[in-house]
Amino acid sequence: MNKINVVEIDKKWQTFWFNKKNSFKNTDKNKKFYCLEMFPYPSGKIHMGHVRNYAIGDVIARYKMMKGFNVLHPMGWDSFGLPAENAARENNLNPSDWTKKNISTMKHQLQLLGLSIDWDLEISTCDEEYYKHQQELFIDFFNKGLVIRKETYVNWDPVEKTVLANEQVIDGRGWRSNALVERKKLYQWFFNISKFADELLKDLETLKEWPEKVKLMQKNWIGKSLGCEINFKVWNKDVDIKVFTTRPDTIFGATFLAVSVDHPICKKLENSEDFIKFKKKCSQVGTTEEAIANAEKIGFKTNLMAQHPFIKQKKIPVYVANFILMDYGTGAIFGCPAHDQRDFDFAKKYKLEIIPVVKPEDTTDTEINGAYTGDGKIINSDFLNNFSVSKAKEKIVSEIEKKKIGKKRITFRLKDWGVSRQRYWGCPIPMIHLNNGDVVPVDKSELPIKLPKDIDLNYKGNPLDNHPTWKKTKYKKTGESAIRETDTLDTFVDSSWYFIRFCSPRLSSKPFDEKSFSYWMPVDQYIGGVEHAILHLLYSRFFMRAIKFCNNKVKVKEPFKGLFTQGMVCHETYKDKEGKWLSPDEIQKTKEGFASKIDGSKVKVGPSEAMSKSKKNIVDPESMIKIYGADAVRWFILSDSPPDRDVQWSTEGVSAAHKFIQRIWNLNNKILDKKDEKSDTGDEKKFLTKFNEYLFKISDLIENFHLNVAIAKIYEITSLFEDNLTKKLSNKTLLESQAKFIKIIMPFAPHLSYECLSKLEGKNFYEEIQWPKGSKSLLKDQEITLVVQVNGKKRGLIVTKKDLSEKEALIEAKKIENIKKNLKDKKIVKNIFVKNKIINFITT
RNA sequence: GCCCUCGUGGUGAAAUGGUAGACACAAAGGACUUAAAAUCCUUGCCCGCAAGGGAGUGCCAGUUCGAGUCUGGCCGAGGGCACCA
């Protein structure tokens, strides 16, 4: 048997595509398609997650090219970030060198996959030619008031004297120093994303091709809530505490006030030693929402009492509490323990009064074990009694407004986007600090503000700040000396507009050319990991709006028309007898299970988890490609699971994919070698009808991302062809159909397809390869199977032509022996008939 | 803690409210072969020689002629939580 040499054909066609430069540009300019996969962080080598992401994208890109679209399919590198700095420090090299080396390795590896990427458009965010435009955008945003400077908390490592990323804080301690991490306030730069909060929320509705779950996550993240501000008078003092609540209906259940430690009224407590201690304790909780939510709720009782606005004689204590955040609402709440779990926990701890004011409709239970947050009838609430929750809300808000002690207010959970990072390997923020305290942008002619090459990363603190000369500069307008901003930008900024840069990646004069922008944007299909569902996608949506805000030639609001989020690649985990992780290469199969290759001892097989270095459950794509070929690797990763779910990598699976590649190759050869014979029109028609049906089905499946099902159908087509080799089909029919079939496989396994097609059609590919056209009229000749049920249970089947009438169907159904048996001695009460689907006899 | 998603054979999975398990992996049996590899065929819960019948999609209710699919409650697993990317 003629064996396919996958390594050889991989190389052959990759060279062919490379020389052709993927220039599929002779297509219809009026039909554009921008296909984009999330660009990778150059961490060293590509991993299976990348393979999956880019295999999915390549199917879509190639399919659209074959459909005649002018396709933009670029690739770049998200090349600023923390790992480069860490690696550089460990190996004593420059982050730039480390990054460049990784990019070159990974680019080579990606090319081994045979992707239809136009490498002429390659960009890298750490490239001066990229980040100078980002600095320009920053200045534009600043001039339009979209950049602000304010104080926030960071994780501070007191030993390293650096700001730590959340992932660098382990159990409240710095990952290197092991010192207890403190919260520290710093002045930082922010993008005013909250300005667009309402718009970002509302426009989610226009994103028809986004997964519902991603939209829901963004909606909850933005967190619009309708509530109300209420002023509480402080007893015997001339101050008010303004609280924000989404549950004004529970005002009669209010038994305390709680304010954030950063609330202005706390200023007066600064001279109390107890308060300082309390504040210190609060600062030991991390800055993540998770840490704050899980931290024990603690409070500091002030000597202030607040006057309840609706109960004359009632005074309630004012606490400072660690779970109240200054940047949400007003930084103060009223606590209603009966109907808020956090308030409940707090009240239990400090033995505060708990007054139920909402009674659930369906219980008589009087014992309170926790907060009740559902609907019900209002009780213990004076004029609100007997109202429902929603009615009570309306009533109380109008009452509050009438009394002028507060007003309706909409709040968003979404905070402004902090973009300052006290790190070296990022885009320098193009601002300078003048002697008089003003902070101004640099002149655009001075861009790019380049990172210095000579940097000492072993020095404690902010590297740019510690550089001997870099920050010293002059203000161009006046010539006075000035100090550069030494913070760099969050790497999310880099990835918030790279898809725009791809429209005109070599343009030096400005970030993008408006003409190419309006041709290509928005991205028609964006593909990437679901872990980016909120931040990256939301920031990109903000950036698009901010750019539009600064440039009236930009008409696009939403950067990504279609979004697809793929699942992770998982693998079983293995541990040796000492509980140490083993990689799949370090084990071998035995009769009982698996054993270590090193000492032959038994291996414990653990659950399949996302591939990660720490668990060593990694399979290297490059070595897989070398053994099985690019097509088999792509094929397997697409075939085994729906693309939006996790997939389990298995050696058996990729080996099976390889066998299938061989099977198609064999089929192709059998058809080429077959002697012509007299055809039977009946056989031919049957074959062509069935194949035609598959053709429509597969287009549909690809367009809806059901790539695993599309592959299952391709297996079925293969069997169809193999079965028909022994039937009476003309060679013309077989060869023509096979060529169509090979084209269907092309987006998935392009190397194999080009090789087969070059044999079938015996020509070189100077023209575009078109997706095969199906016949609508042939679709009408399909056979369908009608299910016959008695009382909802399947009792028979009718194989028949399409669109059989109810009358005919019932006659046919009653002819079936088993149906006769089941209807015997019974009276038919009702017939259910669904065309091309089902007959259901309902009997007495 | 909060938000989101997912639970179907030994495994990955398929199924516009209409035949549950397509397709594939693994396993068992068989064919070819001196043998192995490769390839191909068959089987796949329970009763039955078969025809056929029964149970069955995490658990408990409900809607429907009909529920894996819709509704409510529960249990379990995974993702995100603003300085990892």
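Quick note on labels: first sequence line is chain A, next is B, and so on, each numbered from 1.
The side chain of A/Y41 lies closest to B/A85 when the candidates are B/C83, B/C4, B/A85. The side chain of A/K213 sits closest to B/U5 out of B/C81, B/U5, B/C84. When each of B/C84, B/C81, B/C4 is scored by its nearest atom to the side-chain atoms of A/N166, the top-ranked nucleotide is B/C84. Nearest to the side chain of A/T288, among B/A82, B/C83, B/A85, sits B/A82. Distances from the side chain of A/K659 to the nucleotides B/C84, B/A82, B/U39 place B/U39 closest. Closest to the side chain of A/R663, out of B/C40, B/A82, B/G80, is B/C40. Among the nucleotides B/U16, B/U19, B/C4, the one closest to the side chain of A/K837 is B/U16.
Pairing for B/C81 is with B/G1, a Watson-Crick or G-U wobble pair whose two hydrogen-bonding atom distances lie under 3.5 Å. The partner of B/U63 cannot be assigned: no Watson-Crick or G-U wobble pair with both contacts below 3.5 Å exists in any strand. Remark: B/U57 base-pairs with no nucleotide in the shown strands. Criterion, Watson-Crick or G-U wobble with two distances under 3.5 Å. Here B/A28 sits opposite B/U42 as a Watson-Crick or G-U wobble pair (both hydrogen-bonding atom distances under 3.5 Å). Pair assignment for B/G12: B/C23, on the basis of Watson-Crick or G-U wobble contacts that are both within less than 3.5 Å. Across every strand in view, B/G7 sits in a pair with B/C75 that passes the Watson-Crick or G-U test at under 3.5 angstrom.
Residues of residues 709-719 of chain A having a heavy atom closer than 4.0 Å to RNA chain B, listed by number: A/V709, A/A712, A/Y715, A/E716.
Of the charged side-chain nitrogens involved, at least one lies within less than 4.0 Å of a carboxylate oxygen, so that A/R413 and A/E289 count as a salt-bridged pair. Between A/K349 and A/E296 there is a salt bridge, since at least one side-chain N of the basic residue sits less than 4.0 Å from a carboxylate O of the acidic one. Salt bridge annotation for A/K835-A/E806: absent, with no cationic side-chain nitrogen under 4.0 angstrom from a carboxylate oxygen.
Few gaps surround CG on A/D723; more than 12 heavy atoms of other groups in view lie less than 6.0 Å from it. Within 6.0 Å of atom NZ in A/K215, more than 12 heavy atoms from other residues, nucleotides or ligands are found, so the atom counts as buried in its surroundings.
Side chain to side chain, A/T152 and A/Q188 meet the donor-acceptor criterion of an N or O pair below 3.5 Å. Checking A/T287 against A/N155 by side-chain atom types alone, a donor-acceptor pair falls below 3.5 Å.
Comparing the C1' positions of B/A55 and B/C4 gives a spacing of 35 Å, expressed to the nearest Å. Across the P atoms, B/G21 and B/A26 are found 22 Å apart, a figure rounded to whole Å. Look at the P atom in both B/A22 and B/A13: the space between them is 15 Å, to the nearest Å. Using atom C1' as the reference point in both B/G68 and B/U42, the two lie 29 Å apart (nearest Å). Comparing the C1' positions of B/U69 and B/G30 gives a spacing of 40 Å, expressed to the nearest Å. Nucleotides B/G53 and B/G58 have their P atoms positioned 25 Å apart, rounded to a whole Å. Here, B/G52 and B/U34 have their P atoms 42 Å apart, quoted to the whole Å. As rounded to the nearest Å, B/G1 and B/U71 have C1' atoms that lie 28 Å from one another.
No engagement by A/P40 is indicated, since no non-hydrogen atom pair under 4.0 Å with the nucleic acid exists. Residue contacts for A/W417: at a heavy-atom cut-off of 4.0 Å it reaches no nucleic acid atom on any strand shown. At a threshold of 4.0 angstrom between heavy atoms, the contacts of A/V829 with the nucleic acid are absent. The residue A/E296 sits apart from the nucleic acid: no heavy atom pair falls under 4.0 Å. Within 4.0 Å (heavy atoms only), A/L538 reaches no atom of the nucleic acid at all. When heavy atoms are screened at a 4.0 angstrom cut-off, A/F492 is found touching base atoms of the nucleic acid. As judged by a 4.0 angstrom heavy-atom cut-off over every strand, A/A533 is placed among residues making no nucleic acid contact. A/E817 comes within contact range of no nucleotide atom at all, as no heavy-atom separation falls under 4.0 Å. At the heavy-atom level, A/G653 lies nowhere under 4.0 Å from the strands shown.
In this structure, A/K185 is positioned above the aromatic face of A/Y153, its NZ or CZ under 6.0 Å from the six-membered ring centre and within 45° of the axis. A cation-pi arrangement is absent between A/K150 and A/Y187 under the rule of less than 6.0 angstrom and at most 45 degrees off the ring axis.
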Let me see the working for A/R423 and A/T486 under side chain to side chain donor-acceptor pair (under 3.5 Å), right down to the final yes or no. CA-CA 8 Å; A/R423 303 188 207 293; A/T486 55; over 6 Å; no
Would you please test A/S79 and A/S124 for side chain to side chain donor-acceptor pair (under 3.5 Å) and show each step? CA-CA 6 Å; A/S79 48; A/S124 177; 2.8 Å; yes
What nitrogen or oxygen pairs link the protein and nucleotides 45-56 of chain B at under 3.5 Å?
from: B/G53; atom 1: OP1; to: A/R795; atom 2: NH1; distance (Å): 2.9
from: B/G53; atom 1: OP1; to: A/N818; atom 2: ND2; distance (Å): 3.2
from: B/G54; atom 1: OP2; to: A/R795; atom 2: NH1; distance (Å): 3.3
from: B/A55; atom 1: OP2; to: A/K793; atom 2: NZ; distance (Å): 3.4

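For B/G9, the O4'-C1' to base torsion is within 90° of 0; the nucleotide is therefore syn.
Remark: the A/Q168 side chain and the B/C84 base include no donor-acceptor N/O pair separated by less than 3.5 Å. Side-chain to base pairing of A/E722 with B/C40: no donor and acceptor N or O lie closer than 3.5 Å to each other.
Between A/T491 and B/A85, a side-chain N or O to OP1/OP2 separation shorter than 4.0 Å is present. Proximity of A/S639 to the phosphate of B/A24: no side-chain N or O atom is located under 4.0 Å from OP1 or OP2. Phosphate contact (OP1/OP2 of B/A14, side-chain N/O of A/R645, threshold under 4.0 Å): present. Under 4.0 angstrom from either OP1 or OP2 of B/C2 there lies no side-chain N or O belonging to A/N220.
When each of A/T491, A/T488, A/D490 is paired with A/R421, the side-chain hydrogen bond (donor to acceptor under 3.5 Å, both in side chains) condition holds for A/D490 and for no other. Checked against A/R795 for a side-chain contact (heavy atoms from CB on, under 4.5 Å), the options A/L823, A/I839, A/I819 give a single hit: A/I819.
Atom CD1 of residue A/I816 and atom CD1 of residue A/I798 lie 4.5 Å apart, to the nearest 0.5 angstrom.
Position along RNA chain B of the nearest nucleotide to A/G418 versus A/L701 favours A/L701 as the more 5'-ward residue. Both A/D78 and A/T785 lie close to RNA chain B; mapped to their nearest nucleotides by heavy-atom distance, the more 5′-ward contact belongs to A/T785.
Residues A/R176 and A/N86 are in side-chain contact: their nearest non-hydrogen atoms beyond the backbone lie under 4.5 Å apart.
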Can you give one letter per nucleotide of nucleotides 60-79 of chain B, going 5' to 3': B for a protein heavy atom under 4.0 Å from the base, S for sugar-phosphate only, - for none? -----B-------------S
